[in-house]
Structure formats: structure tokens, C-alpha cells
**Student:** 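To start, I am sharing the structure in question, which I have written as C-alpha cells.
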Amino acid sequence: MTHTARRIGRSLALVLPVVLVLSGTLAVTMVPWADTSSSQLVTASAEGVSTPAKPRAAHEVLRTQLVGELQQGQEPDDVLTHLQQEVNRRPSLAEHCVGIARALGRAAVEAYGPTKAQSFARPVCDTSYASGVASMG
């Protein structure tokens, strides 16, 4: 009797995990969404699932925000003031100020043309804005 119980136990030990995995997999392959009256089911899959976005550095966020302000029609003078205020408020941004100001200069040339964009130049981040204008002009 012990031999028979042992054989059944071994069989269950081999078969049960396979059955559980298969039944679990089948259970999640078709998921009904919001409309339960509909017979349409969506097949679940890992394909095409996006990965979580990496957190962006503060200077990248600021650059995107300020360039966006220029592209939305805000005067470069106001945007440069905003940049200076942010650098004063968060000194850790100072090392990125040059790159941000250059990006603003390039964006200003695209929005206003080189001559008008240059008229807004002032010494923010060691004249990097003017450098960005000159690189596009």
C-alpha cells in the first residue's frame, strides 16, 4: 500500500504543476474588458508592452519646458529670464545652463530668424544663447 501511495504522490508531483501552469496561462490569455455584454475578448500578450519611462533629469525637463515656451510664442527675453531664475533657485542646474541657453538660441532662430533672435541676446550663462543663435545663422 505504501508503494502505491508513493507512486500516486510522484505522479501528482509531476502532473499537478503542469496542470496549474497550463490552467493559469489559459485563464489569463483571454480577458474581458469593460463591456461584459459583448462576446469580444482581448488576448493578453507581453508583445508591444512599453517599458516604464526613465525619469528625466531636471535639466532635461527644464530645457524641454523652456524650448516649448519659445515655440509657443513667448519672447526669448522672458524665457532667458525664466532660465536665470531657475538656475538661481536650483544651483545644480548651473552646469547645464550653457547647453540649455544654446538650445534656446537655436529655437529662437527657428521661431524668429537669426537677426531678430540675436537682438534678444544677453549674458545668461556666459553668452551661450548668442552662441546658439550664431550656430544656426
Side-chain angles (χ1 to χ4, degrees):
M1 192 99 172
T2 310
H3 181 65
T4 306
R6 200 175 288 163
R7 282 183 62 189
I8 292 172
R10 283 185 188 161
S11 296
L12 282 175
L14 292 173
V15 173
L16 191 58
V18 173
V19 170
L20 289 173
V21 168
L22 287 176
S23 65
T25 302
L26 292 174
V28 298
T29 57
M30 294 195 313
V31 180
W33 293 101
D35 187 10
T36 55
S37 64
S38 160
S39 63
Q40 182 181 9
L41 298 176
V42 178
T43 303
S45 144
E47 291 179 29
V49 175
S50 64
T51 57
K54 285 198 248 181
R56 292 178 51 205
H59 70 277
E60 292 171 346
V61 171
L62 180 60
R63 178 185 298 127
T64 302
Q65 177 186 348
L66 295 176
V67 168
E69 288 176 9
L70 266 175
Q71 291 170 341
Q72 291 174 1
Q74 199 165 16
E75 293 279 320
D77 197 36
D78 296 334
V79 177
L80 287 170
T81 298
H82 189 189
L83 171 60
Q84 190 64 57
Q85 289 170 342
E86 286 300 310
V87 170
N88 291 343
R89 192 170 68 85
R90 292 187 287 175
S92 63
L93 292 171
E95 68 183 276
H96 303 287
C97 188
V98 169
I100 295 171
R102 281 191 184 133
L104 292 175
R106 290 190 294 268
V109 168
E110 291 175 10
Y112 295 98
T115 305
K116 185 166 183 185
Q118 187 62 43
S119 72
F120 293 104
R122 62 177 208 217
V124 174
C125 307
D126 298 328
T127 66
S128 297
Y129 172 85
S131 173
V133 170
S135 73
M136 294 292 289

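Count residues from 1 along the sequence.
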**Student:** So, using salt bridge (charged side-chain N to carboxylate O under 4.0 Å, His left out) as the criterion, who are the partners of Asp78 when residues are at least two apart?
**Tutor:** none
**Student:** What pairs meet the ring pair (Phe, Tyr, Trp, His ring centres under 6.0 Å) rule with one or both residues in residues 98-123, with sequence neighbours excluded?
**Tutor:**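 Qualifying pairs, neighbours excluded: Tyr112-Phe120.
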**Student:** Taking side-chain hydrogen bond (donor to acceptor under 3.5 Å, both in side chains) as the test, write out the residues that go with Arg106, two or more places apart.
**Tutor:**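 Arg106 satisfies side-chain hydrogen bond (donor to acceptor under 3.5 Å, both in side chains) with no residue once adjacent residues are dropped.
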**Student:** Which heavy atom in Leu70 sits nearest to a heavy atom in Ala107, and how many Å separate them?
**Tutor:**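 What the structure gives for the nearest pair is CD1-CB, 3.9 Å.
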**Student:** May I have all residue pairs that pass disulfide (SG to SG under 2.5 Å) and include part of residues 62-104, sequence neighbours excluded?
**Tutor:**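 Qualifying pairs: Cys97-Cys125.
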**Student:** Could you tell me the separation between the CG atom of Asn88 and the CD atom of Gln84, rounded to the nearest 0.5 Å?
**Tutor:** 5.0 Å
**Student:** Pro76 versus Leu104: any side-chain heavy-atom pair under 4.5 Å?
**Tutor:** no
**Student:** Holding to salt bridge (charged side-chain N to carboxylate O under 4.0 Å, His left out), I want the full list of residues that pass it with Glu86, two or more places apart in sequence or in another chain.
**Tutor:** Arg89, Arg90
**Student:** Is the closest side-chain heavy-atom distance between Leu83 and Leu93 below 4.5 Å?
**Tutor:**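 The answer is no, as the side chains (C-beta and beyond) never meet within the 4.5 Å cut-off.
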**Student:** Tell me the ring pair (Phe, Tyr, Trp, His ring centres under 6.0 Å) pairs involving residues 80-103, sequence neighbours left out?
**Tutor:**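 Pairs touching residues 80-103 that pass the test: His59-His96.
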